[in-house]
Amino acid sequence: NNQLRQYGTMASVDEGVGRIYELLRETGQLDNTIFIFTSDNGYFWGEHGLNAKRAAYEESIGVPLVIRYPKLIAAGTLCSELALNIDLAPTLLELAGAPALPKADGESWVPFLRKSPASGREDFLVEYWYERQFPRIATLQAVRTAKNDIYIHYPGHPEWNEYYQMNSDPYQMNNLISD
């Protein structure tokens, strides 16, 4: 069963991270270490009638992001800013005191972690190009906003377009495109 294999994999990752954590604690380096847990994408377990990933629904494009760095972030701190995987390198470079990459597309999360006033990202683009081996997901382009709206456009199939306001419809069940 695919789900059981994934749980087994996660259990082994958890065990390995636990060993690293203990070694850092024993050597006095734990609070000098930045732990970041994230993923490249989410996964469908039947939501929207789908499995795997690739669609522009929150289950696929929203991913976990947990950071432990007590020098900067208090335990239990929640941040509602939009964060993307392209922000990881600029963030780590800034935390390390290294110069920023001159042409990086990402933005450092450090201002949010420091609770400094920052404008933040207002939206981001999601694109997926049709793959023959995954025929249930068509080419799509989507814009997800910080206000929790998402517009999904299917080039060549405007009748499939979708629009959701996730503050009132977090599971994207009520397509408002006709409104």
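Numbers for residues simply follow the sequence, beginning at 1.
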Hey, does the side chain of [X] reach the backbone of [Y] with a donor-acceptor pair shorter than 3.5 angstrom?
X      : Y      : result
Asp87  : Gly106 : no
Asp149 : Tyr163 : no
Ser12  : Thr9   : yes

* Can you name the one residue among Gln141, Glu162, Glu159 that meets side chain to side chain contact (heavy atoms under 4.5 Å, CB included) with Tyr154? ->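 It is Glu162, the one option of Gln141, Glu162, Glu159 that forms the side chain to side chain contact (heavy atoms under 4.5 Å, CB included) with Tyr154.
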* Structure fact -> From the list Leu30, Asp31, Thr33, side chain to side chain contact (heavy atoms under 4.5 Å, CB included) partner of Arg25 resolves to Leu30
* Asked: Given side chains that start at C-beta, do those of Leu24 and Phe35 come closer than 4.5 Å, heavy atoms only?
  -> yes
* **Side-chain touch Glu47/Tyr57, heavy atoms, less than 4.5 angstrom** => no
From [atom1] ([X]) to [atom2] ([Y]), nearest 0.5 Å:
X      : Y      : atom1 : atom2 : result
Ile86  : Thr91  : CD1   : OG1   : 10.5 Å
Trp129 : Leu140 : CH2   : CG    : 9.0 Å
Glu94  : Arg114 : CD    : CZ    : 5.5 Å
Ile67  : Ile73  : CD1   : CD1   : 5.0 Å
Tyr21  : Asp14  : OH    : CG    : 12.5 Å
Ile152 : Arg144 : CD1   : CZ    : 11.0 Å

Quick one: closest heavy-atom pair of [X] and [Y], and the distance?
X      : Y      : answer
Gly156 : Pro158 : C-CD, 3.6 Å
Thr139 : Pro155 : O-CD, 3.5 Å
Pro99  : Leu93  : O-CD1, 3.9 Å
Ala138 : Tyr130 : CA-CD1, 4.3 Å
Gln165 : Leu176 : OE1-CD1, 3.7 Å
Ala55  : Ser60  : O-CB, 3.2 Å

* To do: Carefully, step by step, assess Trp109 and Leu88 under the rule side chain to side chain contact (heavy atoms under 4.5 Å, CB included).
  => CA-CA 8 Å; Trp109 303 322; Leu88 188 56; 3.9 Å; yes
* Do the side-chain N and O atoms of Lys71 and Asn32 include a donor-acceptor pair separated by under 3.5 angstrom? -> yes
I'd like to know if [Y] and [X] are part of one continuous hydrophobic network [Ile/Leu/Val/Met/Phe/Trp/Tyr, side-chain heavy atoms within less than 4.5 Å].
X      : Y      : result
Ile36  : Leu113 : yes
Leu23  : Tyr69  : no
Leu84  : Ile150 : yes
Val143 : Met166 : no
Val66  : Ile20  : yes

* **Pairs involving residues 169-179, ordered by first then second residue, that meet side chain to side chain donor-acceptor pair (under 3.5 Å) (sequence neighbours left out)** =>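 For residues 169-179: none.
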* Could you walk me through whether Leu72 and Leu95 pass the side chain to side chain contact (heavy atoms under 4.5 Å, CB included) test, one step at a time? => CA-CA 10 Å; Leu72 182 60; Leu95 288 172; 3.6 Å; yes
* Could you walk me through whether Leu92 and Ile34 pass side chain to side chain contact (heavy atoms under 4.5 Å, CB included), step by step? => CA-CA 9 Å; Leu92 291 173; Ile34 303 165; 4.3 Å; yes
